[in-house]
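Reading through the structure tokens given below for one structure.
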Amino acid sequence: MSGHGTIIPMTSNPCGPLTGEAHVPGDKSISHRSLILGAMAVGETNISGLLEGEDVLDTAKAMRAFGADVIEHGNGEWTVHGVGVGGFAEPDNVIDCGNSGTGVRLIMGAMATSGVTATFTGDASLNKRPMARVTDPIALFGATSVGRSGGRLPMTIVGASAPVSVNYEVPMPSAQVKSAVLLAGLNAPGQTVVIEKEATRDHTERMLKGFGAEISVEETNQGRVITLNGQPELKPQTIVVPRDPSSAAFPVCAAIITPGSDVLVPNIGLNPTRAGLFTTLREMGADLTYENEREEGGEPVADLRAKFSPDLKGIDVDPARAASMIDEYPVLSVVAAFASGNTVMKGVKELRVKESDRIDAMATGLRLNGVKVDEGDDWWVVHGLGHGNIPGGATCESHLDHRIAMSFMVLGMAANNPVSVDNGNPIATSFPIFEPLMSALGANVVRTDT
Ligand code: S3P
């Protein structure tokens with residue numbers, strides 16, 4: 001069980017300059033995949049820098065339930081003794097994935113061709129989210145599923161005992177769906193082909209290659225065509241998880257809007273399928289530089305330096321960049337409030353089916369704090385007021401969504417009055433050290449219920 005039961009109201013008070021170094025936790029996407037692929041390899045995978053947030057810990061528990069030996073050594077060091085492709089055992093209880101769409105969707109894919117049956121559930125946020133996007137393609141492999149109306153959790157999946165390979169075009173830009181299909185394809189004989197029209201984060205493809213799977217990626221006019229040869233023996237790996245650009249986004253954006261700030265955020269993974277926010281911030285006129293650019297474990301990495309940027313301007317964010325910054329729109333909308341002019345964000349329908357409806361959650365909270373926002377089904381516009389002109393002063397609902405809670409905390413740092421959230425508890429899913437890290441930089445974020 002994850003700890004979402006406790007309600008933790010939080011307030012962020014306007015603060016002075018943010019300065020110093022922000023060592024953010026490991027990448028959430030890569031952490032989930034390390035545990036799952038480690039569990040599907042034969043032998044011992046060693047992981048360092050694993051994000052020990054609730055989402056990832058729920059995935060670790062799930063891998064144990066499917067029979068892998070998952071050992072925590074402390075300080076982000078973990079060992080996984082895998083059971084091999086097709087080696088999952090039947091869990092003897094319900095798999096609770098907490099708040100994590102990535103966890104549940106990737107695990108559903110991984111078990112879909114293993115011949116075992118498992119029942120999945122999550123918290124109130126996860127149990128509202130659409131799962132048909134995964135159950136549709138895994139049905140093509142031969143898996144069956146029964147869930148609540150609208151394809152929601154709790155849901156039971158009966159893995160295919162005689163899986164067939166699949167050729168599947170992912171209908172929405174979703175790395176989770178792409179990854180679920182690839183993980184299911186691991187235990188199907190023959191070649192599984194996945195086509196995505198827009199490139200989404202490619203950690204699964206990179207990691208499968210690292211674990212020794214035969215996988216190729218071809219850019220065609222149809223999109224990215226990924227071909228995976230089924231039933232490989234995955235070889236255990238040593239994985240160093242890079243730090244999460246999606247978590248780095250919070251201290252970076254906070255520094256950009258808070259007068260006098262100068263923050264260094266070291267060792268951030270800058271995989272092009274993840275780094276769209278930083279390009280966008282620079283287009284808006286943010287003083288954001290990459291220092292010490294290098295390659296680590298096949299991924300581009302740099303130290304980010306973010307400084308207060310008084311002359312931000314609103315821009316039309318390139319919709320082609322949406323997938324590479326999909327988790328960063330909430331905090332971008334906060335920065336947009338401090339820019340002069342409008343920031344237009346289009347092609348972002350997927351934001352409506354994240355941990356919350358992120359357009360609605362941010363638009364409502366920004367309006368309560370004095371910022372005008374317009375929205376449509378797949379677009380929104382923040383009317384920037386310019387630096388020093390954001391009233392603040394309101395309490396916003398986080399809707400069990402970590403990124404909504406953290407975004408409003410960032411808003412409070414540079415607004416004219418404190419900004420509160422009804423529940424900051426979900427922050428622990430992805431960024432358990434958010435409060436001490438931001439406080440060490442000079443933020444004034446407090447829990448307000450005690
Ligand atoms: C993720 C993919 C994205 C992202 C999520 C993590 C992943 O979701 O929003 O936080 O690790 O594959 P979608 O693939 O549904 O867009």
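Not measured: the values here are computed from a predicted model. Order of listing sets the numbers, starting from 1, for every ligand and every atom in it.
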Inset, instruction - Please examine the side chains of Leu332 and Leu281, heavy atoms only from C-beta on, and report whether any two atoms are closer than 4.5 Å. - result: yes
Does ligand 1 come near enough to [X] that some N or O of the ligand is less than 3.5 Å from an N or O of the residue?
X      : value
Gln176 : yes
Val177 : no
Ser174 : yes

Legend entry - Any donor-acceptor N/O pair, Asn127 side chain to Gly122 backbone, under 3.5 Å: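 Present.
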Legend entry - Pro173: numbered ligand 1 atoms lying under 4.0 Å from its heavy atoms: 16 (O)
Inset, instruction - Pull out every atom of ligand 1 sitting under 4.0 Å from any heavy atom of Lys354, numbered as shown with elements. - result: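 Per the distance check, 3 (C), 4 (C), 8 (O), 9 (O), 13 (P), 15 (O), 16 (O).
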Inset, instruction - Give the minimum heavy-atom separation between Val334 and Phe338, together with the two atoms involved. - result: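 Nearest pair, atom of Val334 first, then Phe338: O-CD1, 3.1 Å.
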Legend entry - Cation-pi geometry met for Arg282 and Tyr290 (6.0 Å, 45°): yes
Nearest protein heavy-atom contact for [atom]: which residue, which atom, what distance?
atom                    : value
atom 12 (O) of ligand 1 : Arg33 NH2, 2.6 Å
atom 11 (O) of ligand 1 : Ser29 OG, 2.7 Å
atom 10 (O) of ligand 1 : Asp327 OD2, 2.7 Å

Inset, instruction - May I ask you to say whether Arg358 pairs ionically with Asp401, meaning some side-chain N is under 4.0 Å from a carboxylate O? - result: yes
Inset, instruction - Classify the side-chain pair Lys178/Thr200 by whether it contains a donor and acceptor separated by less than 3.5 Å. - result: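 Yes, a side-chain donor-acceptor pair sits under 3.5 Å.
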Inset, instruction - Verify the distance criterion only: is there a donor paired with an acceptor across the side chains of Arg105 and Ser179 at less than 3.5 Å? - result: no
Legend entry - For ligand 1, the portion of Arg201 having any non-hydrogen atom under 4.0 Å away: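 The side chain, only.
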Legend entry - Residue-ligand contact Thr102/ligand 1, heavy atom below 4.0 Å: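 The answer is yes: ligand 1 sits under 4.0 Å from a heavy atom of Thr102.
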